[in-house]
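From a predicted model like this one, the values you see are computed outputs, not experimental measurements. Lettering of chains follows the sequences in order, A, B, ..., and the numbering in each one begins at 1.
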Amino acid sequence: MSLNELYQNVILEHNRSPRNYRSMDDTDRKAEGHNPLCGDQLTVWVRVNDDVIQDASFQGSGCAISRASASLMTSAVKGRTRREAEELFRRFHRLVTGTLEPAEAETLGKLAVFSGVSEFPIRVKCASLSWHTLKAALDAPGHTVSTE
Amino acid sequence: MTAAPVPTLATPVPVPLDVERLRSDFPILGQPVRGKPLVYLDNAATSQKPQVVIDAVTRFYASENANIHRGVHFLSERATLAYDAVREKVARFLNAGSAREIIFTRGTTESINLVAQSFGRAVLRPGDEVLITGMEHHSNIVPWQLVCEQTGARLRAIPITDTGELDLEAFDRLLGERTRLLALAHLSNALGTINPVRDLVARAHARGIPVLVDGAQSAPHLGVDLQALDCDFFACSGHKMFGPTGVGVLYGREALLERMPPWQGGGDMIASVTLERSTWAPVPAKFEAGTPMIAEVIGLGAAVDYLSAVGLTAVAAWEHELLAVASQRVGDIEGVRLVGTAPAKASVLSFVMEGVHPHDIGTVLDDEGIAIRAGHHCAQPVMQRFGVPATARASFAAYNTLEEVDALVRGLRRVRQVFG
């Protein structure tokens with residue numbers, strides 16, 4: 001497994017210029033995520049209307065994998081229902097842990113760039129931190145999740 | 001580059017190390033990692049082991065294994081002698097007053113917990129204070145938080161300056177009427193700062209305050225003379241000084257150990273037991289309940305012999321040169337900021353790179369076979385003090401070379417390339 005497959009250009013680009021990197025004042029659906037191993041810390045905001053995610057955003061500090069993951073996630077979940085977002089997370093999690101069928105990986109769209117993470121088990125937490133935090137914001141806003 | 005004299009050593013004329021020969025004593029160093037020669041720069045986390053230590057542990061299990069201090073048979077007697085001989089060795093290595101002042105523990109963490117739970121619980125009253133510093137490893141913070149919660153005492157911390165040194169004016173202010181113990185690192189694992197321990201011990205003693213020194217990082221790198229330091233407790237770990245994991249040392253001043261209650265009860269720590277009450281064995285046995293880590297202690301003995309033969313003076317001088325060269329060359333890389341720039345430093349080079357998270361630095365270096373640590377180094381208050389979530393840390397041992405410093409610098413240039 002080469003380093004280029006972990007740090008694909010899309011990931012490096014989203015790390016440099018993350019999308020949806022802002023706070024949101026007009027929602028109370030917000031959660032904190034924390035990865036004690038690396039010191040990664042992020043906040044995810046989400047606005048839901050009629051069970052559809054209208055907007056999602058994040059802020060925080062973390063490695064390239066966790067920033068790019070949060071950036072691509074916030075873009076990917078917009079316009080999806082909660083149930084669809086949760087299903088996406090399940091597939092994403094299987095992608096980064098190396099248990100997703102290649103055919104299914106195609107359904108992940110841009111998120112498939114994280115396939116290289118499965119060869120670096122220690123980085124799985126970095127890739128999934130924003131997703132766990134999104135889930136907390138949807139399920140129990142205001143809570144802090146930790147990957148430990 | 002010429003190395004400056006090592007300020008912590010009494011003898012400034014070191015015998016140069018034969019680093020290549022030293023390297024050949026460590027089998028793991030010959031192993032390729034990710035198709036590249038291993039460059040092991042994570043020595044502050046744990047050191048590698050020389051063959052003599054590996055052999056000592058293997059030989060113990062292969063031909064000497066028995067429980068100690070109670071058997072009447074041949075093997076038990078031999079194991080007991082070997083175990084107790086290491087106590088003498090460690091006492092000499094650290095220049096303790098007597099082997100009775102050496103307690104074997106699982107490591108630095110357990111040593112500090114022992115002092116917190118035995119000495120701390122016996123001494124601390126509500127409103128009393130334990131003084132630590134802002135550069136401590138979690139293992140010299142959390143045990144004190146626990147005992148403060150149990151006793152109603154208060155934990156206070158000496159702040160650190162922008163270069164990563166203790167703020168000595170604040171130290172004098174914080175050392176107060178209610179201070180019952182000062183506990184501080186000899187050599188910071190996150191910053192590399194060498195604290196002026198001898199001076200601080202003297203100032204604390206002038207007010208009758210005992211001092212615990214966390215020597216996890218100093219014991220393998222500085223050469224420790226406990227009688228000169230004059231501290232009351234000193235904790236270190238075997239695995240950071242070429243020994244096995246799972247064994248460490250607590251030195252305690254004998255008069256204090258005598259007065260302290262046991263912290264764990266069980267076999268081997270008693271004089272007599274009835275169903276109503278028990279009496280304690282003399283120190284150090286009072287603090288070593290249950291079957292100890294015998295093989296690991298034997299391995300620690302081999303590590304102490306090995307380190308003594310190499311010579312801490314030579315080790316410290318060589319590591320000083322490695323650190324000086326690495327600090328300059330890594331510091332010169334675009335966007336790199338060193339975290340911890342005290343004049344007196346050893347072994348540890350902590351840094352951050354603009355726009356690149358330390359974890360990503362670690363992964364790119366790992367791809368080159370270079371092992372460093374990325375994270376908060378179990379010293380989160382230090383990270384908070386310097387306003388960084390984490391740092392990258394290269395930490396040196398006697399077997400590291402200037403070529404490995406080159407490899408580190410090349411690796412960091414590649415990090416810059418990857419992350420633009």
Side-chain angles (χ1 to χ4, degrees), chain A residues 1-18 21 32-43 58-72 96 113-130 133 144 146-148, chain B residues 33-36 42 45 137-139 141-142 190 335 337 339 350-393 410-420:
Chain A
M1 164 62 60
S2 85
L3 210 55
N4 295 339
E5 285 172 67
L6 177 67
Y7 293 118
Q8 295 196 27
N9 284 333
V10 175
I11 293 179
L12 293 174
E13 199 272 315
H14 275 258
N15 172 48
R16 265 194 301 272
S17 333
Y21 192 83
E32 311 277 333
H34 184 212
N35 180 347
L37 178 74
C38 350
D40 289 355
Q41 210 145 14
L42 61 83
T43 308
F58 83 103
Q59 276 186 334
S61 73
C63 64
I65 303 296
S66 80
R67 273 163 73 90
S69 177
S71 172
L72 283 153
V96 295
V113 295
F114 291 97
S115 61
V117 170
S118 65
E119 298 292 326
F120 295 80
I122 200 105
R123 308 306 290 273
V124 170
K125 285 176 178 173
C126 309
S128 48
L129 176 64
S130 58
T133 314
T144 298
S146 169
T147 55
E148 290 294 289
Chain B
V33 163
R34 304 205 189 277
K36 315 260 169 62
D42 195 17
H137 187 282
H138 296 165
S139 63
I141 302 173
V142 185
R337 175 165 69 99
V339 178
S350 237
F351 58 94
V352 290
M353 193 186 266
E354 201 187 336
V356 190
H357 191 278
H359 215 160
D360 296 314
I361 298 176
T363 297
V364 176
L365 292 180
D366 176 59
D367 195 56
E368 301 285 332
I370 303 169
I372 63 148
R373 178 82 171 261
H376 52 61
H377 319 298
C378 294
Q380 287 183 359
V382 174
M383 303 297 115
Q384 289 150 14
R385 166 65 180 81
F386 286 93
V388 293
T391 73
R393 180 187 72 186
R410 278 197 308 275
L412 290 172
R413 293 221 176 91
R414 184 168 174 222
V415 172
R416 274 260 70 106
Q417 272 170 8
V418 171
F419 290 93

Measuring heavy-atom distances to chain A, does Arg373(B) have an atom under 4.5 Å in its side chain, in its backbone, in both, or in neither? neither
Between His14(A) and Leu12(A), is there a donor-acceptor pair closer than 3.5 Å when you use the side chain of the first and the backbone of the second? no
Donor + acceptor pair across side chains of His357(B), Asp40(A) (<3.5 Å): yes
For the backbone of Ala127(A) and the side chain of Ser69(A), can you confirm whether one donor and one acceptor N or O come within less than 3.5 Å of each other? yes
Closest non-hydrogen atom pair between Ala190(B) and Met383(B), with its separation: CB-CE, 4.2 Å
What part of Asn4(A) lies closer than 4.5 angstrom to a heavy atom of chain B: side chain, backbone, both or neither? neither
Parallel under 30°, tilted from 30 to 60°, perpendicular over 60°: which one fits the rings of His138(B) and His376(B)? tilted
Val388(B) portion near chain A, given a 4.5 angstrom heavy-atom threshold: neither
Side chain, backbone, both or neither of Val356(B) within contact of chain A (heavy atoms, under 4.5 Å): neither
Relative to chain B, which segment of Arg123(A) carries a heavy atom at a distance below 4.5 Å: side chain, backbone, both, or neither? side chain
